[in-house]
Amino acid sequence: QDIVAVMIAEQVKDYLLKGEVRNAVNMPPMAPEVYEQIKPFADLGKSMGSLLGQLGEGQLQSVEIHYYGDVRSMDTWVVTSSILEGLFTRGYSEGVNLVNAQNTAEKLGIKVNETKSSVEMDYKSSIGLAVETTSGSLSVFGTIFGKRDMRVVRFQEYGVEFVPEGFNLICGNQDRPGIIGDIGTVLGRKGINIAHMNWARKAQGGEAIVVLRTDDRIGAETLEEVEKIAGIEWAVEVEL
């Protein structure tokens with residue numbers, strides 16, 4: 001028993017410190033160098049999943065994951081599991097993690113389809129994620145700049161680029177002069193500093209989207225004030 005306990009402790013230590021997985025029941029073995037190569041994409045996948053998990057309404061029905069470019073040749077098991085872990089971040093009572101995420105999806109009757117393509121889609125490696133719920137569909141597209149710089153480069157039909165981390169205020173709105181200033185005024189009154197802003201629109205004067213990363217949590221009261229701004233159609237706070 002002492003020997004087994006030491007072996008288990010060493011295996012847990014190796015995973016936490018070096019990312020080396022050995023003798024896991026529901027996870028394939030992975031050498032440290034392989035884990036280091038795939039980890040940025042796993043982190044990106046988890047953030048993309050968490051984004052759609054927090055924005056989506058209704059019961060999750062299906063998940064489509066597309067791997068493009070070089071990432072397709074990697075061990076994408078851990079990326080797919082990370083995406084599902086992110087999707088299940090909220091709304092599920094039992095703890096969902098990297099090891100049980102795919103089994104949880106299967107138990108819940110959620111269809112998970114994974115496809116791979118050698119097409120680079122303007123990026124050397126990229127991931128497309130689309131989910132279908134009982135209330136509609138959502139999609140997001142992401143990539144890695146350099147070695148580990150995560151980016152969302154498309155959300156729904158918008159070519160909007162932002163780093164999927166921290167506190168984010170995402171607003172669907174009409175493209176009109178002054179609307180960004182109105183949002184900034186509300187946040188300024190509440191003492192909430194804007195760290196980064198990204199904006200995209202379908203056409204001049206038409207539908208648009210703005211993503212604001214803030215230093216602090218927005219909160220329900222501030223979110224309600226933002227929703228009252230003329231031209232704001234919806235506003236959601238997500239934490240990534």
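If you're wondering where the values come from, they're calculated on a predicted model, not measured in any experiment.
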Open item on the list: With a sphere of 6.0 Å drawn around CD of E106, does it hold more than 12 non-hydrogen atoms of other residues, nucleotides or ligands?
Closed with: no

TODO: For A105 and L84, work out which heavy atoms get closest and say how close.
DONE: CB-CD1, 4.2 Å

- [ ] Consider only side-chain N and O atoms of E233 and Q174, and report whether a donor and an acceptor are under 3.5 Å apart.
- [x] yes

- [ ] With sequence neighbours left out, write down each residue that passes salt bridge (Lys or Arg N to Asp or Glu O under 4.0 Å) with E57, or none if nothing qualifies.
- [x] none

Open item on the list: So that I can tick it off, tell me whether R217 and E239 are bridged by a salt bridge, with the cut-off set at under 4.0 angstrom between side-chain N and carboxylate O.
Closed with: yes

- [ ] Specify the closest pair of heavy atoms between F141 and G128, including all atoms of both residues, with the distance to one decimal.
- [x] CD1-CA, 3.8 Å

Open item on the list: Checking the side chain of E132 only, and the main-chain atoms of L60 only, is there a donor and an acceptor separated by less than 3.5 Å?
Closed with: no

Open item on the list: Looking at R189 and V186, would you say the former's side chain and the latter's main chain have a donor-acceptor pair under 3.5 Å?
Closed with: no

TODO: Decide whether L108 and I83 are clustered together by the hydrophobic rule: side chain heavy atoms of Ile, Leu, Val, Met, Phe, Trp, Tyr closer than 4.5 Å, transitively.
DONE: yes

Open item on the list: Ignoring hydrogens, what is the shortest heavy-atom contact between M150 and P164? Give both atom names and the distance.
Closed with: O-CD, 3.8 Å

Open item on the list: So does I232 get a backbone contact from the side chain of N173, meaning a donor-acceptor N/O pair under 3.5 Å?
Closed with: no

Task: Residue pair L240 / S47: nearest heavy atoms and the distance that separates them - done: CD2-O, 3.7 Å

TODO: Determine yes or no for a side-chain-to-main-chain donor-acceptor pair under 3.5 angstrom, with N97 supplying the side chain and N100 the backbone.
DONE: yes

Open item on the list: Determine whether a donor-acceptor pair (N or O, by modelled atom type, separation under 3.5 Å) exists between the side chain of T80 and the backbone of W77.
Closed with: no

Task: Shortest non-hydrogen contact from A195 toward D215 - done: CB-OD1, 3.5 Å

- [ ] Answer with yes or no whether the hydrophobic clustering places V140 together with V236; edges join I, L, V, M, F, W, Y residues whose side-chain heavy atoms lie under 4.5 Å apart.
- [x] yes

Task: Side chains of N198 and E161, donor plus acceptor under 3.5 Å - done: no

Open item on the list: To the closest 0.5 Å, what do you measure between CG (L87) and CD (Q54)?
Closed with: 10.5 Å

Open item on the list: Looking at T143 and S125, would you say the former's side chain and the latter's main chain have a donor-acceptor pair under 3.5 Å?
Closed with: yes

- [ ] Could you tell me which non-hydrogen atom of V226 sits nearest to which non-hydrogen atom of A235, and how far apart they are?
- [x] CG1-CB, 4.1 Å

Task: Euclidean distance, R151 CZ relative to D149 CG, rounded to 0.5 Å - done: 4.0 Å

Task: Distance-only donor-acceptor check, side chains Q102 and S81, under 3.5 Å - done: yes

Task: Spacing of L52 atom CG and S139 atom OG [to the nearest 0.5 Å] - done: 7.5 Å

